[in-house]
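As structure tokens, the structure follows; a few thoughts come after it.
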Amino acid sequence: MKQKIQDILTGIVEQFKKDNLIPQDSNVRVMIENTKDKKNGDYATNLAMLLAKPMKKKPQEIASLIVNSIPVSNEITKVEIAGPGFINFFVSKNYLAAQVEAILSDDHLGVKVTDKPETVVIDYSSPNVAKEMAVHHIRSTVIGDAVVRILEFLGHKVIRANHIGDWGTQFGMLIAYLEKKENENASNLELSDLEAFYREAKKCYESDEEFAVKARGYVVKLQSGDEYCLKMWKKLVNITMVQNQEIYNRLNISLTEKDIMGESLYNPMLKPLVEDLVNKNLAVKDDGAMVVYLKSFADKDGNPRCVIVQKKDGGFLYTTTDIACTKYRCETLGANRIICFADSRQHEHLMMSWEIARLAGYVPEGVVLEHGAFGMMLGKDGKPFKTRDGGTVKLKDLLNEAESRAAELISQRNNDLPDNLKDEVIKTVAMGAVKYADLSKNRTTDYVFDWDNMLTFEGNTAPYLQYAYSRIQSIFKKAGEAKPGKIVITTPEEEALAQQFVKFNEVVNNAANKIAPHIICTYVYELAGLFMRFYEACPINKDEVAEDVKASRLALCKAASSIIKTGLNMLGINVLDRM
RNA sequence: GCGCCCUUAGCUCAGUUGGAUAGAGCAACGGCCUUCUAAGCCGUGGGUCGAAGGUUCGACUCCUUCAGGGCGCGCCA
């Protein structure tokens, strides 16, 4: 409908140009908005106000000119001029009902699959080897996975890239410590607590000189491809990722072993890459190190920013790895768009790495590189959660707590849930709540980690949405043989609900373009709220309800449940038939 | 010192490419279960959108300055 109004108005603007009412070269953007207050119709445009200047007329005059040019149709029942010159459009209820019926008969619920599919690399989760995932990892993991699902739903080819921290000088220390543990007892069960493992390794490194010497030796050997060190390294990677996969499975994250593309993947590219940068006169030697000067990052005095790509001792840095990684994703994976989900501290670093990759010609024209940045997780003291020195909350513990709180809530509720379903309900509600707590915010600001905050089940939460869904299933159960039928909109609650359905396509596209899953959260939450009001006001399975009204309302229920389910699934959250 | 990001109700957050009276949830208070699941619905109170200028018919939104907070800055990742 929005598109139709847009087409009509664009046509009118063209006509104005032909009639020389406005200059030919004026670039007028016709904008249609969804009105907040239904007194102002269903859609509105500010076109008349935009044209006031070029046409040198009062907005109201222009508005009436426009209104007179709008052809009559049985879709738009009324067009009004209001306020300073807004034009308000009122859509007929019959047409609205027809749109909802079209959504119901579409397996994509009115969301159009893109006609320009892109290959999108999404870099997310990125845990570190030999460390357990901590609560702050949830942001990248959960938001990244939702964006993966949204883009796939729209028909894009998505390549998941789990850019794990599997390389660096700390591996000498870790290998040496793994060796020590294996010598001490045959089994490597000790690794079940990775957090302690890392801490202990570090302690040995700092206090035991003999150990430290060995560790430094192992770094060199590992980097030169020593078989024993590689085997030990691989063992550390595997142990870590098996544990992380359990978390992914619990959280319904679509990452698998196949998606692991760690830092080590790019190692063979680093040396030739720096040589290439030198050949292209981008990298120069400076105080023994190889650096790139970036004019585009100059300070206000014009001094270019210096970025080191190779150390004095010949070693490479993570900027080098990220340039190589970008090159790989463009050249080998054929990416049209790359989205990195990492916290905001990485912003400058990413921008500089990408700038170098572009200057070196590794990024084809038109390829979009985006940083899906988010703020850091802070402790109650306002200081960031440290990962290096322990003291963080493990993600596993958060998930366990979520489940125990969900179990407690269910035990208090007066429902007749059979025991075999209870466990599923607990898990689905708990994981939904945890994920939604992160997904529903788009803030790039830091936020304070708080148990109660992440584990609520009321208001704008996943359980509320799951509850709305299961209520609808309950209606269908009770309706028995009665089936959804022709939609006839009569009450304000029905109309408000139907209008929300029609927005689904726009919302999903908006969320995809802005890399903002919270837009879908807000939408589904509003939809669930509108359904709840409809549910209170419009009886369905009651004796006094006529058959045709019942069929119509069941159709509205069907649309609501389908969109809630699809919307939540796009966020990586499951629904429940009962709860 | 240089640079990036942020500031909306007591708390957590929304607020479409600038639009009509800035919205939810939590917390507080008051109603609603013999009626399709009360994880719900309805109502009340709560705001100098960090501050000041500027652009505009119109600014939470765009520009400038300032204050406050966070983060980053040549050999860690």
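Keep in mind the model is a prediction, meaning the values are calculated, not measured. So you know, we letter chains A, B, ... as the sequences are listed, proteins then strands, and number each from 1.
- Dashed line: the shortest gap from a side-chain N or O of A:Arg443 to OP1 or OP2 of B:A14 is under 4.0 Å.
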Evaluation steps, side-chain hydrogen bond (donor to acceptor under 3.5 Å, both in side chains), between A:Tyr293 and A:Asp286: CA-CA 10 Å; A:Tyr293 286 104; A:Asp286 184 318; 2.3 Å; yes

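- Taking for each of A:Lys39 and A:Ile32 the nucleotide of RNA chain B with the nearest heavy atom, the 5'-most of the two is the partner of A:Ile32.
- If you check B:U17, B:C36, B:G40 against the side chain of A:Tyr467, the one that comes closest is B:G40.
- In the model, A:Ser296 has a side-chain atom that pairs as donor or acceptor with a side-chain atom of A:Glu355 under 3.5 Å.
- Residue A:Ser474 places at least one side-chain N or O under 4.0 Å from the OP1 or OP2 atom of B:U37.
- Closest to the side chain of A:Asp37, out of B:U37, B:U21, B:A20, is B:U21.
- The base of B:U37 has none of its N or O atoms less than 3.5 Å from a complementary donor or acceptor on the side chain of A:Arg578.
- Between A:Arg405 and A:Asp452, at least one side-chain N (NZ, or NE/NH1/NH2) sits under 4.0 Å from a carboxylate O, which counts as a salt bridge.
- Screening A:Asn128, A:Val129, A:Thr240 against A:Ile164 for a side chain to side chain contact (heavy atoms under 4.5 Å, CB included) leaves a single residue, A:Val129.
- Between A:Lys514 and the phosphate of B:U17, there is a side-chain N or O to OP1/OP2 separation shorter than 4.0 Å.
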Candidate pair A:Thr491 and A:Glu494, rule side-chain hydrogen bond (donor to acceptor under 3.5 Å, both in side chains), full reasoning: CA-CA 5 Å; A:Thr491 70; A:Glu494 291 170 323; 3.3 Å; yes

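- Backbone-only contact: A:Phe316 has heavy atoms under 4.0 Å from sugar-phosphate atoms and none from a base.
- Taking 4.0 angstrom as the limit, A:Tyr464 places a side-chain polar atom (N or O) nearer than this to OP1 or OP2 of B:C41.
- Listed pair A:Lys311 / B:C76 meets the phosphate criterion, a side-chain N or O lying under 4.0 Å from OP1 or OP2.
- Checking B:C6, B:G15, B:C36 against the side-chain heavy atoms of A:Thr445 singles out B:C6 as nearest.
- At the heavy-atom level, A:Lys441 lies under 4.0 Å from the strands shown only through sugar-phosphate atoms.
- No hydrogens or angles were tested; on distance alone, nothing pairs the side chain of A:Asn46 with the base of B:A20 as donor and acceptor under 3.5 Å.
- For A:Arg553, no side-chain nitrogen or oxygen approaches OP1 or OP2 of B:C36 to under 4.0 Å.
- The CG atom of A:Leu554 sits 16 Å away from the P atom of B:C36 (whole-angstrom rounding).
- For A:Asn40, there are no side-chain hydrogen bond (donor to acceptor under 3.5 Å, both in side chains) partners two or more places apart in sequence or in a different chain.
- Residue order along RNA chain B, read from the 5' end via each residue's closest nucleotide, puts A:Leu409 first among A:Leu409 and A:Asp446.
- Considering only side-chain N and O atoms, A:His163 lies nowhere under 4.0 angstrom from the phosphate OP1 or OP2 of B:A77.
- The phosphate of B:C57 (OP1 or OP2) has a side-chain N or O of A:Lys53 nearer than 4.0 angstrom.
- Put simply, A:Arg345 has no side-chain N or O that comes within less than 4.0 Å of OP1 or OP2 on B:C4.
- Paired runs in RNA chain B that reach 3 or more consecutive Watson-Crick or G-U pairs, where each pair keeps both distances under 3.5 Å, cover B:1-7 with B:67-73, B:10-13 with B:23-26, B:28-32 with B:40-44, B:50-54 with B:62-66.
- Of the candidate nucleotides B:C36, B:C42, B:A77, B:A77 has the atom lying nearest to any side-chain atom of A:Glu263.
- Minimum atom distance to the side chain of A:Leu317 is reached by B:C76, of the listed B:C36, B:C13, B:C76.
- Within the 4.0 angstrom heavy-atom criterion, only backbone atoms of the sugar-phosphate kind lie near A:Asp299; the bases stay farther away.
- Side-chain proximity of A:Ile308 to B:C75, B:A20, B:A14: nearest is B:C75.
- Here the side chain of A:Arg305 is nearest to one of B:C42, B:C73, B:U16, namely B:C73.
- Rounded to an integer number of Å, the gap from OH of A:Tyr523 to P of B:A24 is 19 Å.
- The side chain of A:Pro84 approaches B:G19 more closely than any other nucleotide in the set B:G19, B:G25, B:U16.
- B:A20 has A:Phe86 stacked on its base ring, the centres lying under 5.5 angstrom apart and the planes within 30 degrees of parallel.
- For the residue pair A:Tyr266/A:Asp322, the side-chain donor-acceptor check at 3.5 Å is not satisfied.
- Atoms NZ (A:Lys36) and P (B:G18) sit 13 Å apart, rounded to a whole Å.
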